[in-house]
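Letters go in sequence order (proteins before strands), and every chain restarts at 1. Since the model is a prediction, treat every value here as computed from it, not as a measurement.
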Amino acid sequence: MSSQPPDSLNDIFERVLTGKSLFANRDALRNEFIPSQIHYRDDQIKAVAQILSPSLAGHKPSNLLIYGKTGTGKTVVTKYVINRLTDKGKTLSGSLRTAYVNARIASTEYRILSELAADLGVNLPFTGLSLSEAFNRIATKIKESAVKAILVLDEIDFLVKSSGDNLLYEFTRANEEFNNEAFITLVGISNDLKFKESLDPRVLSSLNEEEIVFPPYTVDELKSILQERIQVAFVPGKVNDAAVNLCAGMAAAEHGDARRAVDLLRVAGELAERENAESIGDFHIREASKSIERDRVLEAIQSLPIHGKLTLLAVSYFQEAENTGHVYAKYTDLAKRLGLEPLTQRRVSGLLSELDLLGLVSAPVISKGRMGRSKKIKLEVPQQAITNSFKDDETMKTLL
DNA sequence: CCTCCACTGGAAACCTAGGCTC
DNA sequence: GAGCCTAGGTTTCCAGTGGAGG
């Protein structure tokens with residue numbers, strides 16, 4: 001990298017300046033981009049709108065649960081309807097408020113509450129309050145100002161998985177305290193229906209008053225979505241049909257994920273531009289798919305905590321699948337070499353499960369009869385990926 | 001059919017780092 | 001500064017277990 005001849009840098013700059021770039025508008029391929037029109041989701045848009053519309057007349061809409069795989073438009077559709085609803089609400093006298101939180105990003109109950117509070121115009125300190133106090137402040141505000149609130153909890157399954165359903169219970173119960181002037185309606189979005197199993201039956205029946213399922217996009221739908229984005233994002237004629245077909249095909253194979261399709265296209269465009277290609281072909285899509293996977297692995301490894309890295313490195317020492325005991329012994333050895341106090345085996349067993357979840361190792365539990373029961377741990381990423389991830393890591397590179 | 005290995009994985013307690021209120 | 005609170009990682013404890021070998 002450091003030995004780039006100055007001219008090649010100049011080439012890069014020149015290409016942008018002289019407009020020879022393949023991109024016309026890169027932003028149209030970003031995740032946050034909301035297209036002016038949402039295609040193939042008319043039924044879902046209408047359904048969501050129908051369920052939430054009583055709020056305009058001041059009545060409490062049913063709670064709603066939206067379910068569908070990633071990249072099926074759940075968030076986009078919900079945000080779209082919520083925005084339109086808020087706009088319409090402004091023209092009327094009512095005090096309709098909407099709030100949106102992504103439970104995976106907010107990650108804790110308190111942060112979820114504080115983001116909701118911010119959207120509702122309630123002041124909550126970052127920390128320092130008990131959960132119940134934070135909740136009371138929100139509820140009091142809603143009651144006193146007769147707020148009609150629609151709260152969207154995106155990736156609600158993360159909330160339930162990490163903290164249980166207490167918060168949801170509080171929300172559903174809070175409505176009983178309000179008089180008819182105020183209400184809270186919950187809209188939960190999830191790509192995992194199984195989270196419902198761990199809900200208290202009372203919470204479930206309340207949350208699940210209405211349910212909408214978003215089907216995956218078909219190949220043809222993906223193609224047409226891509227075509228439309230291509231028109232905005234690229235200079236005309238720069239993406240060939242084979243590329244679009246492959247892109248749609250690959251995304252359809254992954255449960256009709258439109259976000260995935262658009263990501264592939266963006267990375268393919270960047271790759272093609274970098275190699276000075278005239279247009280984007282199916283080759284670039286394939287390369288993009290590999291590149292996205294490589295980046296995902298690299299990032300996953302680099303963002304591991306130190307003991308996670310050590311555990312992964314310990315696994316990588318074994319060619320064949322190994323049991324927890326041996327991996328733990330290797331891990332202990334590595335930790336001591338760094339002068340770190342090794343964690344307990346129980347914890348390392350947990351770390352191994354986390355690595356499994358990330359797809360970096362496979363660690364199914366198997367029984368070998370008299371030889372006991374253990375995880376059967378095997379590295380699932382190339383050795384190379386681990387070496388690459390650690391070579392810039394001041395601590396880990398001493399072990400390589 | 002029974003035993004018994006080498007763990008698993010749940011639960012609770014503990015610790016640290018942070019931040020609020022009074 | 002005391003006395004609360006939380007998040008998040010960890011340790012400790014321990015009951016539970018699939019299935020090969022007896």
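- A straight line from NZ of A:K368 to C1' of B:dC5 spans 11 Å, rounded to a whole angstrom.
- Toward the 5' end of DNA chain B, the nearer of the two residues A:G369 and A:I377, judged by each one's closest nucleotide, is A:G369.
- Here B:dC7 presents its C1' atom at 14 Å from CD of A:E322, a figure rounded to the nearest Å.
- Aromatic ring orientation, A:F234 versus A:F23: parallel (interplanar angle below 30°, classes split at 30° and 60°).
- A side-chain donor from one of A:S362 and A:E380 sits under 3.5 Å from a side-chain acceptor of the other.
- For A:S374, whose side chain is taken as the heavy atoms from C-beta onward, the closest listed nucleotide among B:dC7, C:dG8, C:dT10 is B:dC7.
- The distance between atom CD1 of A:I112 and atom P of C:dT6, rounded to the nearest whole Å, is 15 Å.
- A straight line from CG of A:L352 to P of C:dT10 spans 13 Å, rounded to a whole angstrom.
- Cation-pi geometry between A:K330 and A:F318 is not met: the NZ or CZ atom fails to fall both under 6.0 Å from the ring centre and inside 45° of the normal.
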Q) Stepwise, does the salt bridge (Lys or Arg N to Asp or Glu O under 4.0 Å) test hold for A:E394 with A:K397? A) CA-CA 6 Å; A:E394 285 306 318; A:K397 77 178 176 194; 3.6 Å; yes

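- With 3.5 Å as the limit, one finds a donor-acceptor pair spanning the side chains of A:K375 and A:S353.
- Protein atom CZ of A:R347 is 14 Å distant from nucleotide atom P of B:dG9, rounded to whole Å.
- If you take CD of A:Q345 and C1' of B:dT8, they are 10 Å apart, rounded to a whole angstrom.
- We find that CG of A:N323 is positioned 21 Å from P of C:dT17, with the value rounded to whole Å.
- Checking C:dG18, C:dA7, C:dT11 against every side-chain atom of A:R111, the shortest atom distance belongs to C:dA7.
- Comparing C:dG18, B:dC7, B:dG9 against the side chain of A:T324 picks out B:dC7 as the nearest.
- Of the two residues near DNA chain C, A:R370 and A:R346, the one whose nearest nucleotide lies more 5' is A:R346.
- The interatomic distance linking A:I366 (CD1) with B:dG9 (P) rounds to 13 Å, in whole Å.
- For B:dT8, the OP1/OP2 oxygens have a side-chain nitrogen or oxygen of A:S349 closer than 4.0 Å.
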